[in-house]
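Residue indices begin at 1 and follow the sequence shown.
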Amino acid sequence: MGALATAQLVAVIGAGAMGSGIAQVAAQAGHAVRLYDALDGAAEKGRSGILAGLDKLVAKGKLPAEERDALAARITVAPSLDALAGAGLVVEAIVEKLEVKRQVFAALDEIVAPDAILASNTSSLSITAIAAGLKHPQRVAGLHFFNPAPVMKLVEIVAGLASSRDVLDTLFATAEAWGKVPVHATSTPGFIVNRVARPFYAEGLRLLEERAADAATIDAVMREAGGFRMGPFELMDLIGHDVNFAVTSSVFQAYFCDPHYRPSLTQQELVAAGWLGRKSGRGFYDHAAGAVPPAPATLPAQPAPRAVTVEGDLGPAESLVDLLAKAGIAVTRSAGAGLIRLEGASLALTDGRTATQRVASGTPADLVLFDLALDYGSARRIAVAKADQAGDTALAAAAGLFQALGKAVSAVDDVPGLVVLRTLAMLANEAAEAALMGVASPADIDRAMTFGVNYPRGPLTWADQVGPACILAALDALQAAYGDDRYRASQFLRRRVAACRALHAEPDAGASIP
């Protein structure tokens, strides 16, 4: 099926931020758009907001005035639902309450033509439940935009049990014609993004609750080593803790209290206090005018090592060998178990176990673990943790090594998986489970997470680049350390590792999990 013809009318119900944004996107694509809101004056206000935004683009020279005028002429306000009768596509973007949505869709079922498509912008409610009881449930599907709709590229095309393949294909093609990046998903709680993203917040919160590091340090490590645009606490403050906590709680309840999605008591306390983030002036950070952001914990400058011995293969951190040599540090290679030996310390990439555990199992007592980085060459910060058996001299030696490579170094407590590896392992595991359950294809899951929440890489592609066996080992170590089913590894991931081992090799770098 092709895209909806531009000659067809698009109706949008709900003139808040999302509805107005969707109306603007459809109008920019050439459709006549009718905007309706049940609240008196809301549709007019929504249209005025769209035009004000367009006027700013004109003032900045980013939009010709005549194009602004043509776009404005295509957006009209509908006085009632009956005025939407001629629409070929109706997009609902109202309050996230199932019964309210069902009432609206039942009314639309009687108003618009039987071949018109009815789409919901819901981010979490069941498309199947919204369509249940309608005369034409096959024409109902999810069309989930991300805020702000004119800017964000991703659109989730969500299939309910009754959704017609032709309807889904038309919505997919229409989203592409509107300049978006669509992905297919089935109607399961959270769809793709709101499900797979849960560990990004959850692991940050758990690290904070365990006093592994403060919020500013965890955020800095996730940005400057993990390559994320924002750390979890910055992002939660931006989203709003009331919204983020509600989504987590909703997904948790929808999956029958699966510990994978367990909400945080810390975030619940912020909501109870009214510390909702930027919109209330305070969350994890103080957002008052003039407030100084807290600095991440950073170890003081230490002397660079003159020489190191690299024992064995460093796995995902192998690029450090060339970086050390380029920094003028003499590097000797020898057989071994993946250690960097230098005066005063032995360094190893975290594998999910704590440094203290690894020393107890035979690793040298001066062990310092370092965290995963998206790219060790461009990373500006590295997190490290020393074993309880190691002294401060070992930590200082580790800091000197990474500082010689131009990195800031943050010491965190000796927690399983440190910060970046732990978070990636959980994101990849959730993505693997979503693929296993048929929520979406692996390619669409990765596409959704890069275009929907700006992850530096899709979690499944990133996991393949690190090595599925490394990710699985980290998950198993986390589950063993905590005794918590939250960290159980997906069978999708276990099968992937088993298949690779049967071939006596990890998958090629850049390969995506099938």
Side-chain angles (χ1 to χ4, degrees), residues 13-22 39 92-104 120-130 142-149 152 154 156 158 185 187-206 208-209 215 230-285 287 423 426-427 430 434 439 448-449 452-454 486:
I13 302 175
M18 284 305 304
S20 296
I22 295 167
L39 183 65
E92 167 274 312
I94 62 173
V95 63
E96 285 285 274
K97 293 184 177 179
L98 178 59
E99 287 309 313
V100 177
K101 290 183 187 290
R102 292 187 68 177
Q103 290 170 12
V104 169
S120 175
N121 185 59
T122 180
S123 61
S124 60
L125 297 177
S126 166
I127 298 300
T128 299
I130 290 171
L143 189 67
H144 180 215
F145 289 78
F146 288 75
N147 194 29
M152 297 300 289
L154 184 71
E156 292 176 322
V158 187
S187 183
T188 52
F191 310 143
I192 303 173
V193 172
N194 279 327
R195 171 183 177 162
V196 176
R198 303 283 30 104
F200 184 76
Y201 315 109
E203 293 311 306
L205 286 161
R206 187 153 191 172
L208 182 72
E209 289 165 352
M230 301 181 77
F233 304 102
E234 296 168 305
L235 186 53
M236 284 184 281
D237 269 13
L238 175 64
I239 294 168
H241 292 286
D242 51 343
V243 174
N244 191 262
F245 181 73
V247 172
T248 299
S249 299
S250 173
V251 172
F252 179 61
Q253 293 296 329
Y255 280 105
F256 308 109
C257 302
D258 187 326
H260 267 191
Y261 314 107
R262 186 186 302 121
S264 162
L265 292 174
T266 296
Q267 191 171 44
Q268 180 176 259
E269 283 291 282
L270 289 177
V271 174
W275 293 9
L276 305 182
R278 290 190 185 184
K279 62 186 174 185
S280 70
R282 185 164 187 174
F284 284 110
Y285 299 103
H287 298 281
T423 303
M426 289 296 283
L427 288 170
E430 194 56 44
V439 173
M449 301 314 291
V453 280
N454 294 314
R486 164 194 186 122

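Ring geometry for His144 versus Phe146: interplanar angle of 30 to 60°, hence tilted.
Side-chain N or O atoms of Asp237 include one that pairs as donor or acceptor with a backbone N or O of Phe284 at under 3.5 Å. Glu156 contributes no side-chain N or O that, together with a main-chain N or O of Phe191, makes up a donor-acceptor pair within less than 3.5 Å. Checking side-chain atoms of Ser187 against main-chain N and O of Ile127 turns up a donor-acceptor pair under 3.5 Å. Of the possible donor and acceptor atoms, one in the side chain of Ser20 sits under 3.5 Å from a partner among the backbone N and O of Ala15. Distance alone, capped at 3.5 Å, places no donor-acceptor pair between the Gln268 side chain and the Pro263 backbone.
Minimum heavy-atom separation, Ile22 to Ala149: N-CB, 3.9 Å. Residues Ile94 and Val100 approach most closely at CD1-CG1, 3.7 Å, considering heavy atoms. Taking both residues in full, the closest heavy atoms of Val196 and Ala434 are given as CG2-CB, 4.4 Å, listed atom of the first, atom of the second, then distance. Contact record, Ala17 with Asn147: CB-OD1, 4.5 Å, taken as the closest heavy-atom pair. Of all the heavy atoms in Glu96 and Ser124, the pair that sits closest is OE1-OG, 3.2 Å. Considering every non-hydrogen atom in both Pro232 and Gly204, the closest pair reads CG-CA, 4.2 Å.
For the atom pair CG of Leu270 and CE of Met236, the computed distance is 8.5 Å after rounding to the nearest 0.5 Å. Atoms CD and CD1, on Glu234 and Ile239 in that order, are 11.5 Å from each other to the nearest 0.5 Å. With rounding to the nearest 0.5 angstrom, the CZ atom of Phe200 is 6.0 Å from the CG atom of Leu235. Expressed to the nearest 0.5 Å, how far CG of Asn194 lies from CG of Asn244 amounts to 9.0 Å. A distance of 12.5 Å separates CZ of Arg262 from OG1 of Thr248, quoted to the nearest 0.5 Å. Between atom CG of residue Leu125 and atom NZ of residue Lys101 there is a gap of 6.0 Å, rounded to the nearest 0.5 Å.
Between Phe145 and Met18, the closest side-chain pair of non-hydrogen atoms falls below 4.5 Å. His287 places none of its side-chain heavy atoms less than 4.5 Å from the side chain of Leu238. Side-chain contact between Met449 and Val193 is present, with at least one heavy-atom pair separated by less than 4.5 Å.
With a 6.0 Å radius and a threshold of 12 heavy atoms from other residues, nucleotides or ligands, Glu209 has its CD atom above the threshold.
Partners of Val251 by side chain to side chain contact (heavy atoms under 4.5 Å, CB included), not counting sequence neighbours, listed by chain and number: Arg198, Val247, Tyr255, Tyr261.
With salt bridges taken as basic N to acidic carboxylate O contacts below 4.0 Å, one links Arg486 and Glu203.
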### Query
Given the rule in the side-chain contact (heavy atoms from CB on, under 4.5 Å) test, do Asp242 and Lys279 qualify, once you have shown the distances and angles that lead to the verdict?
CA-CA 10 Å; Asp242 51 343; Lys279 62 186 174 185; 2.9 Å; yes
